[in-house]
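Accompanying notes for the structure given below.
Computation of the quantities below employed the complete heavy-atom set of this structure, encompassing side-chain atoms and omitting hydrogens, waters and symmetry-equivalent molecules. Proteins get letters first, then strands, A, B, ... in listed order; numbering begins at 1 in each.
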Amino acid sequence: MGATIVEVRCGRHNMLATTSLRSPRPVRLLNGATVASLQRHGKQMAIVTVDGRVLVVHLGMSGRMTFESAPPTDADRHAHVAWLVQPKSPSKPKVPWGNTAHWLVFRDPRRFGELASLASPTALERRWRALGPDAFLAPPDALMAALRGLRRQAKAALLDQAVLAGVGNIYADESLFRAGVHPTQSLDRLSEDRLVRLIAAIQVTLTAAVNSGGSTLRDYVDANAQAGGYQSYHLIYGRAGEACPTCGRPLEGLTAAGRTTVACSTCQRLIHKRRGKVAGSSG
DNA sequence: CTGCTCCCCTGGGAGC
DNA sequence: TGCTCCCAGGGGAGCA
């Protein structure tokens, strides 16, 4: 907070997507701005500046934002944008780079990431209202309200950022396994108890992952270029064919919601019938 | 609405 | 070693 962006370099212009801020590109990329706050909702981050500009950052699959002492070179083909950041001074250094100006570099080889400039915090609010509650921070009640009664496959719902925000393919599989819910299970067939269990599983999974610095399969590093460690704790993700950690039977690999999925067909039984109806009772 | 399939793009690993 | 094929953490569009 209070840091100033004193220079912006943009190597690939088309990373900056839709914008509600009609200004020259350096302005939209926050050139000259003083940072007011950093925010996050689900997988999206936002830099909000004192003069009201907003830059939304979505890392996609291979994106990374790292602090570096030198600007990227021309040979660095995937360094799309670099900001020279001057920390607030004088102040006690709370950041690894102290009070020295450092480069914040956005790299994204696959270019599935996105930068979007918005004209105001109101526009950010509007954008994020289209997303479901943040899966990591929202109270379980809010997640319950988002999931209850949906006639959708559990995995599809978890991956849909408009239902709840922040769960991707890895953590969807891990959460469903923890909760004993099959990925293709329609949510409207789940009991209240099972839904509560699923929501708890999502929050346990995300908390554990965040505490371990995330999952690095290939690309992911944090702002200090540190890889994550959670991949070694994955219960089932990437383990199709291996033994289920609970029952020992082989984990199945399948496609659900169009994505690579792993599940244990024994521990994550599909429920086809509505709960609470007993055969033979009146109709 | 829901779920498919395809597409955006590059790089790493497996297999020949 | 070098080549090809296949796959990937996201998400939007278009279609059934």
Side-chain angles (χ1 to χ4, degrees), chain A residues 11-19 40-45 56-66 72 75-81 106-116 127-128 130-132 134-136 146-177 182-190 202 205-206 208-210 212-222 226-241 253-263 270 272:
Chain A
R12 184 179 293 277
H13 291 175
N14 60 5
M15 292 306 298
L16 184 60
T18 53
T19 175
R40 181 194 63 79
H41 189 92
K43 300 174 183 175
Q44 300 187 24
M45 305 182 281
V56 176
V57 179
H58 190 311
L59 296 178
M61 287 170 66
S62 60
R64 49 171 75 178
M65 293 274 271
T66 51
D76 200 341
R77 332 168 18 227
H78 302 308
H80 306 313
V81 179
F106 173 67
R107 280 196 188 75
D108 184 14
R110 284 189 72 186
R111 288 188 246 152
F112 286 175
E114 181 191 11
L115 300 175
R127 180 188 173 102
W128 283 357
L131 300 175
D134 183 274
F136 181 63
L147 293 177
R148 183 188 279 129
L150 288 186
R151 294 176 87 123
R152 294 188 71 179
Q153 295 187 351
K155 176 144 182 182
L158 296 194
L159 290 179
D160 186 343
Q161 304 298 296
V163 172
L164 49 87
V167 176
N169 199 36
I170 296 175
Y171 302 129
D173 278 10
E174 295 290 300
S175 301
L176 290 165
F177 177 75
H182 196 272
T184 62
Q185 174 68 52
S186 182
L187 287 178
D188 68 343
R189 294 292 192 262
L190 286 184
I202 291 167
T205 301
L206 292 179
V210 167
S212 302
S215 301
T216 296
L217 299 185
R218 178 180 308 148
D219 300 299
Y220 174 74
V221 294
D222 68 13
Q226 296 301 300
Y230 192 65
Q231 63 280 4
S232 49
Y233 298 106
H234 291 170
L235 299 171
I236 60 165
Y237 181 82
R239 300 190 193 278
L254 65 153
T255 297
R259 309 201 74 92
T260 300
T261 300
V262 182
L270 270 172
H272 296 289

Please name all residues satisfying ring pair (Phe, Tyr, Trp, His ring centres under 6.0 Å) with A/Tyr171, sequence neighbours left out, ordered by chain then number. A/Tyr230
Nearest heavy-atom approach of A/Tyr233 to A/Glu174 is O-OE1, 4.1 Å
Considering all heavy atoms, the nearest A/Gly132-A/His41 contact: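 Heavy atoms only, the tightest pair is O-NE2, 2.7 Å.
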A/Arg64 near the nucleic acid: base, sugar-phosphate alone, or nothing, with a heavy-atom cut-off under 4.0 Å? nothing
Let me confirm one number: the CG-CD1 distance from A/Leu176 to A/Ile202, rounded to the nearest 0.5 Å.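 Answer for the CG-CD1 pair, A/Leu176 versus A/Ile202, is 7.5 Å.
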Side-chain N or O of A/Arg152 less than 4.0 angstrom from OP1 or OP2 on B/dG3? yes
Can you find a side chain N or O atom of A/His78 that sits less than 4.0 Å from OP1 or OP2 on B/dC9?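 Negative; the distance criterion is not met.
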Using atom types as modelled and distance alone, determine if a side-chain donor or acceptor of A/Arg107 lies under 3.5 Å from a backbone N or O of A/Arg64.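 Between the backbone of A/Arg64 and the side chain of A/Arg107 there is no qualifying donor-acceptor contact (under 3.5 Å).
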Would you confirm whether A/Asp108, through its side chain, and A/Phe112, through its main-chain N or O, come within 3.5 Å as a donor-acceptor pair?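 It does hold such a pair.
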Per-nucleotide protein contact string for nucleotides 9-16 of chain C (B base, S sugar-phosphate only, - none; heavy atom under 4.0 Å): BBB-----
Whole-Å distance between [N] [atom2] and [X] [atom1]?
X: A/Glu114; N: B/dC9; atom1: CD; atom2: P; answer: 15 Å
X: A/Arg107; N: B/dC9; atom1: CZ; atom2: C1'; answer: 17 Å
X: A/Asp108; N: B/dT10; atom1: CG; atom2: C1'; answer: 10 Å

Are A/Asp160 and A/Arg152 close enough for a salt bridge, meaning some N to O gap below 4.0 Å? yes
Please give the stem ranges for DNA chain B, sorted by first residue number, where a stem is three or more consecutive Watson-Crick or G-U pairs and both donor-acceptor distances are under 3.5 Å. B:2-8 with C:10-16, B:10-16 with C:2-8
Out of the candidates A/His234, A/Arg239, A/Lys155, only one should pair with A/Asp173 under the side chain to side chain donor-acceptor pair (under 3.5 Å) rule; please name it. A/Lys155
